[in-house]
*Asks:* 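Below is the structure I would like to discuss, written out as structure tokens.
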Amino acid sequence: MSGSEDVIGFKPVVVVVGPTAVGKSRLAVRLAKRLQTEVLAADSRQVYRGMDIGTDKPTPEERAGVPHRLIDLVDPDETFNAGMYRRAALPEIERLHGEGRLPLVVGGTGLYVRTLLRGLCEGPKADPMFRAQLEEEARRRGPEALHRELTRVDPESAARLHPHDRVKVVRALEVYHLLGRPLSSIHQSHGFGERPFTPLLIGLTREREALYRRIEERVDAQLARGLVDEVRGLLTKGYDRRLSSLKGLGYRQIAAYLDGDCGYAEAVRLLKRDTRRFAKRQLTWFRKEPGILWLSLAEDESEERIVDKVMTMIEQFLAGLGRQAQVDTLSGRTVAAGVTAG
RNA sequence: GCCGAGGUAGCUCAGUUGGCAGAGCACAGCCCUGAAAAGGCUGGUGUCGACAGUUCGAUUCUGUCCCUCGGCA
């Protein structure tokens, strides 16, 4: 079933979010089978080709019969970012709608999910040369110098950003440099106000302790599957540790070990710790994202039962859309594509 | 049983010549508009082993007891 064809005027999208290792990917495969649709990843790391174990991509077996999109889009030394993700994802969603299927977005990259559901402001694309220049300046004169510069051209952004937050200070300066307009004014007029779809947002969570245990187990499993060899292979191919792709969890810590910065046990400890911290940051992000229906998973809960629960939520969601469409037709209003559901 | 060392945060430990208890790690809370698994900010969570004594005031000094680790029996 898909059901999206009976809700004329709406563009429904089901989105499953949650912290790393909560169990999103496995659930996604089962859900996609039941919905006869495809999995659209919202994951800033799985876009890199050749980075499979460390990003915990679904295995070929898991992907058999269930197409996965928005994975393996670029090589590790290519730039990728939220804007590129959005440009790649929107056509996939449109295509599925055209085929009468319900798009299923699954991922833990909060910003990517947000760019789909609420848009991305019309800022200029990243300019690597200019960024490198600013980075050099930060090294020479300290990060505070960049922040002082920002205070001159965009006092609002400067007030919002901590002087040490180099990445975001550089982006704000870049926007002003390319556009002659402060980033803050662009944000203000955008405000994440777009509503291109009618989403059902499902957040998966677990008790903190259980989640942390799953993270440790998953890291151990990744190591058993050959994470060290995967990282070594990337370094041998000439990919630099400073690449954004290799600064991700797993790659950063194992590359440090391979370069002799620390011992193996220490690298594993740090990887587990950093992954726990990451999961915590994800929870902070999603907690304040509006409209998420939270589903707390019990440790002994079977995958079949979880799928049933989520399917019930999806059916109710679609039924609600049907009623809403009827009401709107009766009252003679034009149904705008993008009525808020949350 | 005797002798010695110790008991302070979740862990390892520092410290108070008697005056609101502090480091690292661990952890918790938060920010985020083309780097987002990135980047950044904030926070000490405590019956100082227990009971009694001295004192205006004891985690600190004294006594008794309990526990841990060594050594000797």
Side-chain angles (χ1 to χ4, degrees), chain A residues 17-21 24 41-48 51 54-57 74 76-89 107-128 130-132 134-135 138 143-144 146-147 157 159-172 174-175 178-179 182-194 208-209 212 215 218-219 222 242-254 266 269-289:
Chain A
V17 298
T20 189
K24 297 184 294 295
D43 189 305
S44 69
R45 299 293 136 173
Q46 293 186 352
V47 300
Y48 294 109
M51 299 177 66
T55 64
D56 220 52
K57 277 180 203 162
V74 296
D77 56 353
E78 293 181 85
T79 51
F80 194 85
N81 55 48
M84 294 173 69
Y85 175 76
R86 184 158 185 273
R87 283 190 288 280
T109 303
L111 180 62
Y112 286 13
V113 170
R114 190 184 280 179
T115 67
L116 293 185
L117 302 183
R118 297 160 66 192
L120 187 66
C121 68
E122 289 290 327
K125 293 180 186 178
D127 180 344
F130 185 68
R131 285 186 185 186
L134 290 181
E135 286 293 341
E144 289 82 3
L146 294 186
H147 191 260
S157 293
R160 194 174 57 83
L161 297 173
H162 192 278
H164 293 170
D165 198 346
R166 237 178 44 251
V167 168
K168 295 198 181 77
V169 170
V170 164
R171 170 60 181 165
E174 174 185 66
V175 169
L178 294 172
L179 236 57
L183 176 63
S184 50
S185 79
I186 300 169
H187 283 177
Q188 206 160 28
S189 49
H190 184 262
F192 285 116
E194 300 174 44
R208 192 65 61 93
E209 250 178 61
Y212 284 1
I215 285 173
R218 197 181 67 181
V219 169
Q222 288 173 325
R242 287 164 300 186
L243 286 169
S244 180
S245 56
L246 287 192
K247 280 204 282 191
L249 290 170
Y251 302 92
R252 176 202 296 257
Q253 295 83 359
I254 298 302
E266 177 67 357
R269 185 186 75 81
L270 291 175
L271 172 53
K272 289 177 177 174
R273 182 198 70 180
D274 293 344
T275 307
R276 288 193 295 268
R277 290 178 173 177
F278 169 56
K280 201 165 115 55
R281 260 181 287 136
Q282 287 177 300
L283 285 168
T284 298
W285 175 284
F286 289 127
R287 225 179 269 145
K288 69 151 212 178
E289 191 72 19

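Lettering of chains follows the sequences in order, A, B, ..., and the numbering in each one begins at 1. Please read these numbers as outputs of a predicted model, since none were measured by experiment.
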*Asks:* Mind listing the side-chain donor-acceptor pairs of residues 117-127 of chain A below 3.5 Å, one per line with the distance, residues two or more places apart or on another chain?
*Replies:*
from   : atom 1 : to     : atom 2 : distance (Å)
A:R118 : NH1    : A:E289 : OE2    : 3.0
A:D127 : OD1    : A:M129 : N      : 3.2
A:D127 : OD1    : A:F130 : N      : 3.2

*Asks:* Which dot-bracket string describes RNA chain B (Watson-Crick N1-N3 plus N6-O4 or O6-N4, or G-U N1-O2 and O6-N3, all under 3.5 Å; [ ] crossing; | other strand)?
*Replies:* (((((((..((((.....[..))))((((((.......))))).)...(((((..]....)))))))))))).

*Asks:* Round to the nearest Å and state the distance from A:F278 atom CZ to B:C32 atom P.
*Replies:*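 The answer, rounded to whole Å, is 17 Å.
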
*Asks:* What are the residues of residues 110-120 of chain A, sorted by number, that bring a heavy atom to within less than 4.0 Å of RNA chain B?
*Replies:* A:L111, A:Y112, A:L120

*Asks:* Using the P atom on both, measure B:A9 against B:U60 and round to a whole Å.
*Replies:* 15 Å

*Asks:* Could you measure between the two P atoms, the one in B:G44 and the one in B:G29, and give it in whole Å?
*Replies:* 16 Å

*Asks:* Between B:A38 atom P and A:R277 atom CZ, what is the distance in whole Å?
*Replies:* 11 Å

*Asks:* For A:R166 and B:G40, what is the distance between atoms CZ and P respectively, to the nearest whole Å?
*Replies:*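 That distance rounds to 7 Å.
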
*Asks:* Test for a donor-acceptor pair under 3.5 Å between the base of B:A35 and the side chain of A:E135, counting only N and O atoms.
*Replies:*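 Check passes, donor-acceptor contact within cut-off.
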
*Asks:* If you go through the side-chain atoms of A:D274, does one of them form a donor-acceptor pair with the base of B:A37 closer than 3.5 Å?
*Replies:*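 For A:D274, whose side chain was compared with the base of B:A37, there is no donor-acceptor pair (under 3.5 Å).
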
*Asks:* Rounding to an integer number of Å, can you tell me how far A:L270 CG sits from B:C25 P?
*Replies:* 11 Å

*Asks:* Roughly how far apart are A:L271 CG and A:F278 CZ, rounded to 0.5 Å?
*Replies:* 12.0 Å

*Asks:* Please state how far atom CZ in A:R287 lies from atom C1' in B:C32, giving the value in whole angstrom units.
*Replies:*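 These atoms are roughly 15 Å apart.
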
*Asks:* P atom, B:U47 versus B:C31: distance in rounded Å?
*Replies:* 31 Å

*Asks:* Can you check the A:L183 CG to B:U33 P distance for me, whole Å?
*Replies:* 7 Å

*Asks:* Can you label the angle between the A:Y85 ring and the A:Y112 ring as parallel, tilted or perpendicular, going by 30° and 60°?
*Replies:* parallel

*Asks:* With distance as the sole criterion, do the side chain of A:K168 and the base of B:A38 form a donor-acceptor contact below 3.5 Å?
*Replies:* yes

